[in-house]
Amino acid sequence: MSVVAVITADDLFDTTDPNEHDNQINQTSSNQALTKMVETALYCNDTKITYKGGVREIIGNPTEGALLDWANQMALTENVKEISKLPFDSAYKYMATLVDVEDKRYIYLKGAPDVLLDLVEKEVSHNQVKVFDESPWNEKIATNAKLGQRLLAAAYKEVSNTKETLTHEDISSDMILVGLFGIIDPPKKEAIEAVRVSRQAGISVKMITGDHKDTAMAIAKDIGIENYADALVGKDIEALSDEELEKVVMSTDVYARTTPEHKLRLVEAIQRNGQIVGMTGDGVNDAPALKQADIGIAMGIKGTEVTKDAADMVLSDDNFATITSAVKEGRRVYENLKKTIYFSLPTAFAQGLLVVVSLLADRPLPLSSVQILWLNMVTTITLSFALGFEPLDEKGMTRPPRDPKENILSSYAIFRTVYVSLLLAGLGFLVNSFLGSKGASIPIMQTTLITTLVFGQVFYMINCREIIRFSITKTILSNKVLWYSLAILAILQLLVTYAPFMHVALGTTVITGQHIGLSVLAGLAVFIIVEIEKTITRTFFKPKN
């Protein structure tokens, strides 16, 4: 944030032009308006700038930090003593200080131009104090605000040396306007990108600011906020009933000259439209709106402790783009939770079906309790763990937000659970019956069945990488945890099949390549059948998943 223009009744100083820099410094002592602008920036200010290890740090308000940066360049040396102060408050939108400068006592005032223009009675022009003429100043304000500049007005008056306390009544008369500060806070590239990504993701971004309407509209246009041309100001909001505001708020995205009460009403109005609201803020006055919002988001660097306490989330870097990153991560976690459920339920039910059907048919259990425990505790957990690290698919941030009332177990999820459970259990019984007809021993039948279920789960886990779309995508290579899980599972399965101590523990035995091939074919059948079903489902039924 920096001062880019200093506007007086007679001059417009471009502070970004190096060629004018020395000229501005030379005029400080001879140009009364410019001198008072520098004094206001220095003495009507609560912020300090420090340097730690060569790194500049602002302690206080960034806007006041920008004023200090400019004023410190103007080489003004005066004996100063602060006597009293009226701190800035959004309720009255100005700050005032009572200051001794050399042998005289002054009140310095800075704040919103539309407020100060109602307070001043005179202005400095051609080094003289004249009667205030508002019309030219309104033109200057409109011109610079449309450039995206945040404008602050500066005024002063001399008072008696006996005055010790500053009150609001003291600035209600005889104030002299000296000029305007034009301040630019250029939007970060990542913020512009974050707004674009948010819009794609179905998230409406609204700007609620205390700035001038034209300034807000110019910045909103630069960063890509929709519906910026029909901005409302605080007075417009006050004129609307709750019912009227509820209708207007969905089609208007920019609000200027707002107070904490306006912010709270806007949050409530959006919520009454059935929307989920995330509200950002850094000041004490933002706390009510943050508390009311579904997700209050405070700034971790410049945010006050009150704001942080009222918020649900704190941005450690004060970067709006971090919010979209959090949304992306939240969607990834939710999608991976669904994938894990889609994987875990059918595989668990399939193992249960093997036992239940065998009991109902009065046949020997195909697997021992220890073997079933091995499948549940080792195989299933190892594979489901990999799904938790799946990246968000490339369309994940272009889909609209999900309905918070939507059940994670949809009708399609139940359908998938039922038929995959039957498929896995059916293939297990088929393999078992085939081996039994060949006269295989019970250990061989059990080991082959375990291997069949493992391959069935491996291939079905790959199916679950995409719930509806085809599962073999380029992102399969980016999930390293998936490959680590498969490697660990392969080692464990080799131990189960070929390690004598595992034979003793689980009752398994060595099986041949033909048995393993049979298991692989069964697993491959699961993969093909599920992918065919997914193709039919997304073609003809188009489920939300």
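These numbers come from a predicted model, not from an experiment.
Of the inter-residue distances, the one linking N127 atom CG with N31 atom CG reads 5.5 Å to the nearest 0.5 angstrom. The CG atom of L232 sits 4.5 Å away from the OG1 atom of T252 when rounded to the nearest 0.5 Å. The distance from the CZ atom of R257 to the CG atom of D211 is 6.5 Å, given to the nearest 0.5 Å. To the nearest 0.5 angstrom, D317 atom CG is 3.0 Å from T322 atom OG1. For the atom pair N285 CG and L290 CG, the distance stands at 11.5 Å (nearest 0.5 Å). Expressed to the nearest 0.5 Å, how far CG of L245 lies from CD of E268 amounts to 9.5 Å.
Looking only at side-chain heavy atoms (C-beta outward), T15 and V6 come within less than 4.5 Å of each other. Looking only at side-chain heavy atoms (C-beta outward), E64 and L68 stay at 4.5 Å or farther from each other. At a threshold of 4.5 Å between non-hydrogen side-chain atoms, the residues E238 and H262 count as touching. Looking at M37 and F13, their side chains never come closer than 4.5 Å, going by heavy atoms from C-beta outward. Counting heavy atoms from C-beta outward, I276 and P401 have side chains that stay 4.5 Å or more apart. K85 has its side chain out of reach of L166: every pair of non-hydrogen atoms, C-beta onward, lies at least 4.5 Å apart. Looking only at side-chain heavy atoms (C-beta outward), D253 and V205 stay at 4.5 Å or farther from each other. Taking 4.5 Å as the limit, some side-chain heavy atom of K104 sits within range of a side-chain heavy atom of Y106.
Nearest heavy atom pair, residue N161 against residue R105, reads O-NH1, 2.9 Å. The minimum heavy-atom distance linking L117 with L177 is given by the pair CD1-CD2, 4.3 Å. Minimum heavy-atom separation, L42 to N72: CD2-OD1, 3.5 Å. Looking at every heavy atom in both residues, S198 comes nearest to T324 through OG-CG2, 2.9 Å. Across T280 and M299, no two heavy atoms sit closer than the pair CB-CE, 3.8 Å. In terms of heavy atoms, M1 sits closest to A66 at O-CB, 3.6 Å.
Note on E335 versus R332: no salt bridge recorded, every NZ/NE/NH1/NH2 to OD/OE distance being 4.0 Å or above. Between E39 and K36 there is a salt bridge, since a side-chain N of the basic residue sits under 4.0 Å from a carboxylate O of the acidic one. Using a cut-off of 4.0 Å between Lys/Arg side-chain N and Asp/Glu carboxylate O, D114 and K213 are scored as not salt-bridged. Between E243 and R272 there is no salt bridge, since no side-chain nitrogen of the basic residue lies less than 4.0 Å from a carboxylate oxygen of the acidic one. Using a cut-off of 4.0 Å between Lys/Arg side-chain N and Asp/Glu carboxylate O, R196 and E193 are scored as salt-bridged.
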Test side chain to side chain contact (heavy atoms under 4.5 Å, CB included) applied to I408 and Y334, step by step: CA-CA 9 Å; I408 195 168; Y334 182 78; 4.0 Å; yes

CA sep, side-chain torsions, deciding dist, call: D294, V277, side chain to side chain contact (heavy atoms under 4.5 Å, CB included): CA-CA 5 Å; D294 297 279; V277 181; 3.9 Å; yes

Side chain to side chain contact (heavy atoms under 4.5 Å, CB included) between I297 and L315, worked out: CA-CA 7 Å; I297 306 168; L315 296 181; 3.6 Å; yes

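Within 6.0 Å of the CD atom in E394, the count of heavy atoms belonging to other residues, nucleotides or ligands does not exceed 12. The neighbour count for Y484 OH, taken as heavy atoms of other residues, nucleotides or ligands under 6.0 Å away, does not exceed 12. Applying the 6.0 Å contact sphere to NZ of K163 captures more than 12 heavy atoms from other residues, nucleotides or ligands. F385 CZ: 12 or fewer foreign heavy atoms inside a 6.0 Å radius. Within a 6.0 Å sphere centred on CG of D403, other residues, nucleotides and ligands contribute more than 12 heavy atoms. Summarising the local packing, NZ of K308 is surrounded by more than 12 heavy atoms from other residues, nucleotides or ligands at distances under 6.0 Å. For NZ of K146, the number of neighbouring non-hydrogen atoms (other residues, nucleotides, ligands) closer than 6.0 Å is 12 at most. Other residues, nucleotides and ligands contribute over 12 non-hydrogen atoms within 6.0 Å of the CG atom of D46.
The closest donor-acceptor contact from the side chain of S344 to the backbone of I341 lies at 3.5 Å or more, if one exists at all. Proximity of a side-chain donor or acceptor of R199 to a complementary backbone N or O of E226 within less than 3.5 Å is not detected. With hydrogens and angles disregarded, a donor-acceptor distance shorter than 3.5 Å links the side chain of E102 to the backbone of N79. Looking at R538, its side chain does come within 3.5 Å of a backbone N or O of I468 through a donor-acceptor pair. Using a distance-only test at 3.5 Å, with no hydrogens or angles considered, no donor-acceptor pair links the side chain of D242 to the main chain of A269. Judged by distance alone, with hydrogens and angles left aside, the side-chain atoms of Q73 form a donor-acceptor pair with the main-chain N or O of D69 at under 3.5 Å. With H212 contributing its side chain and D214 its backbone, the two residues share a donor-acceptor pair below 3.5 Å. Judged purely by atom type and a 3.5 angstrom limit, T215 uses its side chain to pair as donor or acceptor with the backbone of Q149. Between the side chain of R150 and the backbone N or O of T63, no donor-acceptor pair lies under 3.5 Å. No donor-acceptor pair under 3.5 Å is formed between the side chain of K110 and the backbone N or O of A41.
Screening residues 172-187 for side chain to side chain donor-acceptor pair (under 3.5 Å) gives no qualifying pairs among residues at least two apart or on separate chains. Within the structure, ring pair (Phe, Tyr, Trp, His ring centres under 6.0 Å) contacts touching residues 173-203 (residues at least two apart or in different chains) are W70-F181.
Inspection of the N479 and E390 side chains reveals an N or O donor paired with an N or O acceptor under 3.5 Å. For the 3.5 Å distance criterion, the side chains of T307 and T304 qualify, holding a donor opposite an acceptor. In this model, a donor atom of one side chain and an acceptor atom of the other lie less than 3.5 Å apart for T167 and D170. Judged by distance alone, the side chains of T16 and D14 do bring a donor and an acceptor atom under 3.5 Å apart. Donor-acceptor pairing under 3.5 Å is recorded for the side chains of S125 and D10. Checking E261 against T259 by side-chain atom types alone, a donor-acceptor pair falls below 3.5 Å.
Annotation: side-chain contact (heavy atoms from CB on, under 4.5 Å) contacts of K328 (sequence neighbours excluded): L392, M397. Evaluation of the ring-ring contact (aromatic ring centres under 6.0 Å, His included) rule for Y228 yields no partner, not counting sequence neighbours. Residues passing the ring-ring contact (aromatic ring centres under 6.0 Å, His included) test with Y92, sequence neighbours excluded: Y94, H168. Residues satisfying the side-chain contact (heavy atoms from CB on, under 4.5 Å) test with N273, not counting sequence neighbours, are E246, V249, M250, Q275.
No option in N144, I141, T143 other than N144 meets the side chain to side chain contact (heavy atoms under 4.5 Å, CB included) test with I7.
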